[in-house]
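See structure below.
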Amino acid sequence: MNGSLVERVHAALTELGLSQADALLESHLERAANQQQSYADFLLGLLGSEQEFRKGRALATRLRMANLPYAKTLSDFDLGFQPSIDARLVRELQTLRFVSDASNVILLGPPGVGKTHLAVGLSRCALEAGMSVYFVTAHDLICDLGKAARDGNLDRRMRLYEKPKVLVIDEVGYLPLDPVGATLLFQLVSARYERGSIVLTSNKSYTDWGQVFGETTLAAAILDRLLHHSTTLNIRGESYRLKERKKAGLLGDKRPAGPALAPAGAGKRHVTHGEDDNAPGA
Ligand code: ADP
Ligand code: MG
């Protein structure tokens, strides 16, 4: 292809906004000549590199918007370390069917067992599948909505948390909520009910949620909506942080028994009222 013709192709690619195809045009032309590619093969290669580039850029944008606390994935998670987690259940969650079903995932367990890591890993899967995710701690969420309510723009702010396909609410229960905070969380859970998934982590068993929310009626109402379509993973084991400190020789080797947050049977699906002592209001 002569110089001016290649320049005209560059100009057309620029005008069409195909920046990656524009940048890689020469290398694709060279490969086509060397490998005696068909016209269709050449075009597919050129457009394919543009598609890949755009997908990567869109993922980077979604990742930035998702506000994840760290960049870990599910494959970084050592399931062998935490036998109370049903690996099949994690694989099932990884299919993201729960997102299509607008179903929730509740990760319960003591500190350091990997609740946030799993929530981040699932978020990453959803982001890679092209879905929108937003990660927030319960504390930041309530502060933000509380401020919006005081400033008179609660509806607008609420929409930010209603919109993403997956909303992660991390660390519910670390700090008790005042009645306004509990009501705001109830409003949000109700707004997302059967519309969008919530992935929630908590160090408190469902029986302690009354205390967290200051009153049992509201806690029961929140749990009722949250658990209607949901999967609960009860992680009962040792803190991974502790293991790492032990490995570094900072602690003895005696394993502390992790607090049992639920009776036997980790990873129950569709927990419902009265099924066990994790049922709302039980
Ligand atoms: P939690 O939210 O339950 O308090 P995190 O998910 O923050 O705990 O985990 C604490 C740290 O240990 C994080 O750095 C996390 O990546 C790591 N971690 C926890 N469990 C595992 C695991 N099973 N495999 C690999 N890393 C883990
Ligand atoms: Mg955490």
Side-chain angles (χ1 to χ4, degrees), residues 63 66-94 98 104-128 133-144 161 164 166-177 181 185 189 197-209 211-213 226 230-251 253-262 265-268 271 278:
L63 258 168
N67 192 36
L68 299 182
Y70 44 69
K72 296 194 178 175
T73 65
L74 286 180
S75 40
D76 299 327
F77 193 84
D78 178 7
L79 279 165
F81 180 75
Q82 222 50 272
S84 71
I85 301 175
D86 182 351
R88 275 172 316 173
L89 197 59
V90 176
R91 278 199 297 276
E92 161 62 27
L93 292 174
Q94 227 169 329
F98 77 95
N104 303 321
V105 179
I106 323 287
L107 302 157
L108 301 179
V113 293
K115 304 180 296 296
T116 302
H117 187 143
L118 287 172
V120 166
L122 287 173
S123 298
R124 179 78 196 215
C125 285
L127 290 163
E128 278 170 8
V133 175
Y134 193 72
F135 183 106
V136 67
T137 64
H139 178 257
D140 288 353
L141 172 73
I142 299 305
C143 286
D144 188 40
Y161 299 105
V166 178
L167 177 71
V168 181
I169 308 177
D170 198 29
E171 300 187 344
V172 173
Y174 276 91
L175 297 170
L177 296 174
L185 190 65
V189 169
S197 296
I198 294 177
V199 175
L200 183 147
T201 82
S202 179
N203 62 330
K204 293 283 194 300
S205 68
Y206 294 139
T207 44
D208 292 334
W209 278 38
Q211 266 171 286
V212 173
F213 292 98
L226 212 51
S230 68
T231 302
T232 297
L233 261 95
N234 264 306
I235 313 174
R236 285 161 298 126
E238 193 182 355
S239 161
Y240 197 83
R241 295 189 190 104
L242 212 61
K243 172 205 133 154
E244 295 202 314
R245 274 156 60 197
K246 266 186 202 163
K247 220 164 75 183
L250 297 173
L251 290 167
D253 204 28
K254 202 161 176 285
R255 289 185 164 217
L261 287 172
K268 265 193 185 119
V271 179
N278 269 334

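The analysis underlying the following values was restricted to heavy atoms, covering all of them including side chains, and did not include hydrogens, waters or symmetry mates. In each ligand, atom 1 is the first atom listed, and ligand 1 is the first ligand listed. In this text, all values refer to a predicted model and were calculated from it rather than measured experimentally.
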Using heavy atoms and a cut-off under 4.0 Å, could you grab the residues that are in contact with ligand 1, chain by chain, numbers ascending? Tyr70, Lys72, Asp76, Phe77, Asp78, Pro110, Pro111, Gly112, Val113, Gly114, Lys115, Thr116, His117, Tyr240, Arg241
All side-chain contact (heavy atoms from CB on, under 4.5 Å) counterparts of Val212, not counting sequence neighbours: Lys204
With the side chain counted from C-beta on, respond yes when Pro164 and Val133 share a heavy-atom pair under 4.5 Å apart, and no when they do not. no
Between Val90 and Phe77, is there a side-chain heavy-atom distance shorter than 4.5 Å? no
Residue and atom names of protein N/O/S atoms that fall under 2.8 Å from the Mg ion (ligand 2): Thr116 OG1
Dump the intermediate steps for side-chain contact (heavy atoms from CB on, under 4.5 Å) on Ile169 and Leu185, then the final yes or no. CA-CA 10 Å; Ile169 308 177; Leu185 190 65; 4.1 Å; yes
Pairs flagged by salt bridge (Lys or Arg N to Asp or Glu O under 4.0 Å) wherever residues 105-118 is involved - sequence neighbours left out: none
Please report the closest heavy-atom contact between Ala138 and Glu171, naming both atoms and the distance. CB-O, 3.8 Å
CD of Glu128: more than 12 outside heavy atoms within 6.0 angstrom? yes
Side-chain ion pair, Arg88 and Glu92, N-O less than 4.0 Å: no
Parallel, tilted or perpendicular, judged at 30° and 60°: which one describes the rings of Tyr206 and Trp209? perpendicular
